[in-house]
Amino acid sequence: MNKAPFFEISKKLEGTLARTGVIHTPHGDIKTPAFIVGGTQATVKSLTNEQVTSLNGQSILVNAYHLMLRPGADTIELSGGIHKFMNYNGPIFSDSGGFQIFSLGMAYKKGIDITSHSEKGDIAQAVHSSTQLTKVTDDGVHFRSHLDGSSLYITPEISMDIQHQIGADIHMCFDELTSPLAGDKYIKSAMDRTHIWAERCLQRHNELNVDHSKKGDFLQSLYGVVQGARNESFRKESATFLGSKDFDGYGIGGVFEPEEISSTVRWVNEILPEAKPRHLLGMGSQPADLFLGIQYGIDTFDCVAPTRQARNGALYTYDGRINIKNSKYKNDFSSIDPECDCYSCRNYTKAYIHHLLRSDEILGLTLASIHNERFIVRTVDNIRDSINNKSFFEYKKIFLERYYSPLKAKIFLD
RNA sequence: GCGAAUGUAGCUCACUUGGUUAGAGCGCCGGGUUGUGGUUCCGGAGGUAGUGGGUUCAAUCCCCAUCAUUCGCC
C-alpha cells in the first residue's frame, strides 16, 4: 500500500514557521497556505460548487457529525461517496464531529455553548451544559442528536468507520475538546483520552485503507488533532505525542481567540514534524487569524464564520467590516469594496445587496457569501504569494493597520 | 339620514372588575456571530390611549359630545 507524497514544502519564510507548499490528494492538489471552505452539511451554504471554485476555493470541509445524522453515512456511501453525492470533485476534508458533540451538539440553538460561556467567563454553566447531554467514557461518547434527541454513541472506531463511509480525502481524529477555562486536571485527562483515541483512530483508519486498496479505491488520509487548551506544557506534550505517530497531518483544535495563535499554535507547530501539514480547526474569520496562523506554521484553515456573517449582513472590506443592512447603505450604489474582484462586487451594488438581505431574499445570502468567502480566500492566496516573494511582513502590516487601526493592529504585529 | 362596531407605538393587536413607570409581535435603529445558527442571538428608540368635556382622591378603562373608519339599513 504505497501512498504518493502527501505534502511538499515549496518555500519557507526565514525567522518564522511560515511556509508555502502543496497537499496532494486523490482529488487534486491544494496550494498552501489555503482556506478550506466550510461545507458542513455537504454544501457550502447558498453556493454552488462552481461558485466555490470560481472564487478560487480549492477544497471543502464537511462534517461527519451532521452527515451521520442526516442523511446518514450509509446513504452517502451508497451514492458512491461524498464527492459523487455532492458532485464536487475537488479535495474534501471531513471533520470528526468531536467539536459538535462537545459543544454545539449538546445545546444546539439554545445559545449555550462552550465558546459563548468562556466569553462570559461562566465556567459553571459551561461545565454544566457540557455534562448534561453528553457522557464521556474512556471507550467513547454517549450523546443526543440535536435533531430528534435520540441517544447515540460514538467511539474512535465508529467515527473512522463513518468518515470512511463518507469518503472524504482527509479525515480528522475523533477528539475531546475542553473549555479553555476548564481545570487543568480535566484538561489533562481529556487530552490523554484524545491521545489514546488518536491511536485507535489511526489503527482503524489503516485497516480501512487496506480494504480500499484491495478494492482499488483511493486511499484516505488522517490528521491527528492536538489538544491541551491554553496550557503550554499540555500543548507541547500533545504535539510531541501525536507528532511521533504516523499521521498524514495534524489538526490543532480548541483554539478560540486570535491572541492564542501566537502562543498556542506556535508551541505546537515548533514541535510537530515540519514535513507534515497543519490545519487550524475552526479559525479564520478575520484577517488577524490568517496572518498569525500562517506566520506560526498553519497550512490550512477552515471557518464557517465568513459565510455565517455574510448571511447576517457583516461583510469584509479592506477598511474593516461593515454591516450591509445598516440604513446608510439604502441608497449607496457603489460596490461593497471597490478593490474587490468578486462576482458580487463586479456586478452588484451595496444598495441592492442591502435590499436583498433586508427582504430576506435568497440571492442576498449568495451574493454576500460569495463576497466574504472570496475576501478570505483571496487574503490567504495573497499571503501565500507574499511568502514566496518575501514581502510577508510588509503585507501584513499594511493590511492589518488598514483593516483594524494602527493601534488595534499593534497587538498582531509583534 | 338612521343603527351598530371600532379608535392604544410606524403596522396588527393585548392588558387594565378605574390605582406605581400602558405591553407583545412585526417594522425601525445599532451590535454580535471562529471544527455552521439562512429563516439567529443581544441591545435600543418610539405611545398626551382619536379630540373635547364630565364623574371620581384617581380615567386608556365609566358617562356625554364630537370627529374618523368600517359594516348594515333607508
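From a predicted model like this one, the values you see are computed outputs, not experimental measurements. Proteins get letters first, then strands, A, B, ... in listed order; numbering begins at 1 in each.
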### Task
Looking only at side-chain atoms of Lys45(A), point me to the closest of G35(B), U34(B), G38(B).
G38(B)
## Note on the structure
Looking only at G35(B), C29(B), U34(B), the nucleotide nearest the Pro258(A) side chain is U34(B)
### Task
Take atom OH of Tyr329(A) and atom P of C28(B), then tell me their distance rounded to the nearest Å.
17 Å
### Task
Under the side-chain hydrogen bond (donor to acceptor under 3.5 Å, both in side chains) rule, what do Gln286(A) and Tyr404(A) come out as? Steps first, then yes or no, please.
CA-CA 10 Å; Gln286(A) 55 173 309; Tyr404(A) 302 100; 2.6 Å; yes
### U51(B) versus C67(B) - spacing of their P atoms, nearest Å
16 Å
### Query
Rounded to the Å, how far apart are Arg308(A) CZ and U34(B) C1'?
7 Å
### Task
Hey, which sits more toward the 5' end of RNA chain B by its nearest nucleotide, Cys303(A) or Asn326(A)?
Asn326(A)
### Task
May I have the distance from Lys325(A) (atom NZ) to G32(B) (atom P), rounded to whole angstrom?
13 Å
### Task
Please state whether the phosphate of G32(B), meaning OP1 or OP2, lies under 4.0 angstrom from any side-chain nitrogen or oxygen of Arg321(A).
yes
#### Entry: G50(B) and G7(B), which share atom name C1', separated by this distance in whole Å
6 Å
### Message
Heavy atoms from C-beta onward define the side chain here; which of G35(B), U34(B), G38(B) lies closest to that of Met172(A)?
### Response
G35(B)
### Rounded distance in Å - CD (Gln41(A)) to C1' (U39(B))
15 Å
### Query
Considering heavy-atom distances to RNA chain B, does Gln309(A) or Leu365(A) have its closest nucleotide positioned more toward the 5' end?
Gln309(A)
### Query
With rounding to whole Å, what would you report as the distance between C29(B) and G1(B) at their C1' atoms?
50 Å
### Query
If you take all heavy atoms of Tyr318(A) and Phe375(A), which pair is closest and at what distance?
N-CE1, 3.9 Å
### Message
When the P atoms of C61(B) and G19(B) are compared, how many Å lie between them, rounded to an integer?
### Response
11 Å
### Task
Determine the interatomic distance between P on U21(B) and the same-named atom on G53(B); round to the nearest Å.
23 Å
### Task
Write down the distance between CD (Gln227(A)) and C1' (G35(B)), rounded to a whole number of angstrom.
10 Å
## Note on the structure
Using Watson-Crick geometry (N1-N3 plus N6-O4 or O6-N4) or G-U wobble (N1-O2, O6-N3), each under 3.5 Å, A58(B) is paired with none
### Message
Tell me whether the side-chain N or O atoms of Asp360(A) pair up with the base of U39(B) as donor and acceptor below 3.5 Å, since no angle test is needed here.
### Response
no
## Note on the structure
Arg311(A) atom CZ is separated from C41(B) atom P, nearest whole Å, by 15 Å
### Task
Could you check how far CG of Asn312(A) sits from P of U33(B), rounded to whole Å?
11 Å
### Message
Any donor-acceptor pair, under 3.5 Å, between the side chain of Gln286(A) and the base of U34(B), if you only look at N and O atoms?
### Response
yes
#### Entry: Within 45° cone of Tyr352(A) ring axis and under 6.0 Å: Lys350(A) NZ or CZ
no
### Query
Is Arg358(A) near enough to G27(B) that one of its side-chain N or O atoms lies under 4.0 angstrom from OP1 or OP2?
no
### Query
If you look at every strand shown and take non-hydrogen atoms under 4.0 Å, does Ala310(A) touch a base, only sugar-phosphate, or nothing?
nothing
### Query
Within this structure, what is the CD1-to-P distance between Ile322(A) and G32(B), rounded to whole angstrom?
12 Å
### Salt-bridge present (Arg200(A), Asp139(A); N to O < 4.0 Å)
yes
### Task
Using a heavy-atom cut-off of under 4.0 Å over every strand shown, decide if Thr307(A) touches base, sugar-phosphate, or nothing.
base
### Query
Expressed in whole Å, how much space separates the C1' atoms belonging to U12(B) and A59(B)?
26 Å
### Task
Please state the C1' separation for the pair G30(B) and U48(B) - nearest whole angstrom.
29 Å
### Query
Looking only at atom P, what distance separates U70(B) and C13(B), rounded to whole Å?
14 Å
### Query
What does G47(B) pair with, Watson-Crick or G-U, if both distances are under 3.5 Å?
none
### Query
Under 4.0 Å: is that the gap between some side-chain N or O of Ser327(A) and OP1 or OP2 of C29(B)?
yes
### Query
Are the ring centres of His142(A) and Tyr153(A) closer than 6.0 Å?
yes
### Task
Record whether the side chain of Asp175(A) comes under 3.5 Å of the base of G35(B) through a donor-acceptor pair of N or O atoms.
yes
